[in-house]
Every structure is written in C-alpha cells, then in structure tokens.
Amino acid sequence: MSRVMISACLAGENVRYNGKPLDAVDERIKKWLGDGRALLFCSEVEGGLPTPRDPAEIVGQGGGKAVLEGTARVATEQGEDLTDVFLDGARKALAFCREKGIRLALLQERSPSCGSHLIYDGRFQGTRIPGRGVTAALLEQHGIRVFSEAEIDTLEEVMG
C-alpha cells in the first residue's frame, strides 16, 4: 500500500500562516486519512513556527534548492531571518518520510516550504514565480515524489 505525506493544511488542520484553516478538504484526502494511507505533517510548525505567523518568502534566486545550499534565505517582510526554522522543518519532514516509508508527498503550492511548482518571488508583492519550497526541494533530492494540490488526480493514479 502506497502511503503519502500530506501538508496538514490541505486536510483542514489549523496550521496555516494566517491561522485560518482551508474551507474545503478534497474528499480523497479524507478517504486516504481514513484508510491510513495518508499521514499529515506541517514542516513550518514542526520547525518551530507558531500559528498564526508572519508570512515568509524565499529571498534570493534559486528557490528552496538555493536555501538548502546556503545561497538564499527565508525571511519575513520585516526582515526576520527564518532560514534555520525552515531548514529544520524540511529535515524533520524528510526524517518523517523515511521513518514511515513514505515515497510520495502532497504539498501546498506557493508555500516557501511546500511549493512544488510555484513560490512567491521574495518581494512580498504577491508575485508568483516558478520554483520549489525548502521542504519540497529536500524531499525531491532524496527521491520522494512531490505533488501539489493541483496534481491530486495524478497522485491518485500513482497511489493506485
């Protein structure tokens, strides 16, 4: 049985930066949770951030991979450097997947942790750019296939 790690926010858990849970949860997520195929994780909360919290973005070029390499950072609009917290959360997500034998992850798009195709550009103006968040980049570097909530149909096919 394939198991998947799912961003806790996508299951309606109150872990989002703004302290507001998502209004709707995909029925497939509910089913996978019910049958034990899905396990929830929030790398930002596990890294030590509170809910709610100030929005953060990756500052510098290269997205999450650059943060992992030390050439970009994660910060709030006020300039608070959260890089270490995001790195810690990403490492904990990887350890969680390894411990549970998880090879698939469904992550929240646009997040500086979990974005798998899109992240914000680091200028706090709402501009989205192609890129991966820190957790998504680390998981993919270690062979864990990452999907966004827009790819849940594909994930469902892969899970069988």
Side-chain angles (χ1 to χ4, degrees), residues 1-58 63-64 67 74-77 82 85-86 88-140 142-160:
M1 169 171 76
S2 294
R3 294 171 81 186
V4 60
M5 181 183 81
I6 297 180
S7 292
C9 60
L10 293 176
E13 297 289 312
N14 189 16
V15 294
R16 295 178 70 219
Y17 78 94
N18 62 8
K20 297 177 183 174
L22 293 176
D23 292 332
V25 175
D26 190 290
E27 290 300 318
R28 291 167 287 192
I29 292 174
K30 292 178 185 177
K31 179 183 178 299
W32 296 334
L33 286 167
D35 67 18
R37 295 181 78 188
L39 298 170
L40 301 181
F41 196 90
C42 177
S43 57
E44 293 179 18
V45 169
E46 292 297 326
L49 293 174
T51 302
R53 55 190 169 272
D54 289 334
E57 295 185 10
I58 296 174
V67 175
V74 183
T76 66
E77 188 171 12
L82 299 175
V85 174
F86 277 74
D88 186 47
R91 290 180 191 120
K92 287 179 177 175
L94 177 60
F96 180 80
C97 288
R98 286 179 167 167
E99 175 188 328
K100 304 294 184 185
I102 294 172
R103 307 293 301 157
L104 304 168
L106 177 64
L107 304 179
Q108 173 68 52
E109 194 67 273
R110 298 172 305 281
S111 159
S113 292
C114 297
S116 57
H117 301 291
L118 293 172
I119 55 174
Y120 290 100
D121 71 355
R123 295 182 296 156
F124 296 90
Q125 297 175 352
T127 304
R128 299 172 186 168
I129 59 171
R132 288 182 177 75
V134 180
T135 297
L138 184 64
L139 294 179
E140 287 187 339
H142 290 273
I144 296 167
R145 192 167 170 193
V146 174
F147 299 84
S148 76
E149 68 273 22
E151 299 172 306
I152 198 165
D153 292 337
T154 304
L155 173 59
E156 184 176 38
E157 290 174 17
V158 170
M159 288 179 66

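Starting from 1, each residue takes its place in the sequence as its number. Keep in mind that what you see is a predicted model, and the values were worked out from it rather than measured.
- A 4.5 Å side-chain heavy-atom check between L138 and R91 finds at least one atom pair inside the cut-off.
- Closest approach of A136 and V146 over heavy atoms only: O-CG2, 4.0 Å.
- Once rounded to the nearest 0.5 Å, the distance linking CZ of R16 with CD of E44 reads 11.0 Å.
- Not one N or O on the side chain of S7 forms a donor-acceptor pair closer than 3.5 Å with the backbone of C9.
- Residues V45 and R53 meet the side-chain proximity criterion, which asks for heavy atoms closer than 4.5 Å.
- A side chain to side chain contact (heavy atoms under 4.5 Å, CB included) with I6 is found for exactly one of I152, D26, L106, namely L106.
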What's the verdict on side chain to side chain contact (heavy atoms under 4.5 Å, CB included) for M159 and R37, showing C-alpha distance, side-chain angles and the deciding distance?
CA-CA 9 Å; M159 288 179 66; R37 295 181 78 188; 3.5 Å; yes
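- From R103, atom CZ reaches atom NE2 of H142 across 10.5 Å, with rounding to the nearest 0.5 Å.
- With salt bridges taken as basic N to acidic carboxylate O contacts below 4.0 Å, none links E46 and K92.
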List the steps, then state whether side chain to side chain contact (heavy atoms under 4.5 Å, CB included) holds for M5 with L139.
CA-CA 11 Å; M5 181 183 81; L139 294 179; 3.7 Å; yes
Please step through side chain to side chain contact (heavy atoms under 4.5 Å, CB included) for the pair L22 and E149, ending with a clear verdict.
CA-CA 12 Å; L22 293 176; E149 68 273 22; over 6 Å; no
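- Summarising the geometry of A11 relative to L33, their closest heavy-atom pair is CB-CD1, 3.9 Å, with the distance given to 0.1 Å.
- The line from OG1 of T51 to OH of Y17 is 12.0 Å long, rounded to the nearest 0.5 Å.
- Heavy-atom minimum distance, I119 versus G131: CG2-O, 3.8 Å.
- Of the possible donor and acceptor atoms, none in the side chain of E109 sits under 3.5 Å from a partner among the backbone N and O of S148.
- The side-chain heavy atoms of F86 and S113, taken from C-beta on, include a pair separated by under 4.5 Å.
- L94 pairs in a side chain to side chain contact (heavy atoms under 4.5 Å, CB included) with only one of the listed residues (T135, I102, I144), which is I144.
- The distance from the CZ atom of R3 to the CG atom of D35 is 10.5 Å, given to the nearest 0.5 Å.
- In this structure the side chain of Q108 never reaches within 4.5 angstrom of the side chain of V15, judged on heavy atoms.
- A distance of 8.0 Å separates CG in L10 from SG in C114, rounded to the nearest 0.5 Å.
- For the residue pair I58 and G63, the shortest heavy atom distance occurs at CD1-C, 3.8 Å.
- Between E77 and D54, the closest side-chain pair of non-hydrogen atoms is not below 4.5 Å.
- How far CZ of F41 is from CG of L107: 10.5 Å, rounded to the nearest 0.5 Å.
- A pairwise comparison of heavy atoms in S43 and A93 identifies CB-CB, 4.3 Å as the closest pair.
- Put simply, the side chain of F147 does not reach to within 4.5 Å of the side chain of V4, judged on heavy atoms.
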Evaluate the criterion side chain to side chain contact (heavy atoms under 4.5 Å, CB included) for residue pair R132 and V67; output intermediate values, then yes/no.
CA-CA 10 Å; R132 288 182 177 75; V67 175; over 6 Å; no
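- Taking every heavy atom of both residues into account, S2 and L104 meet most closely at CB-CD1, 4.2 Å.
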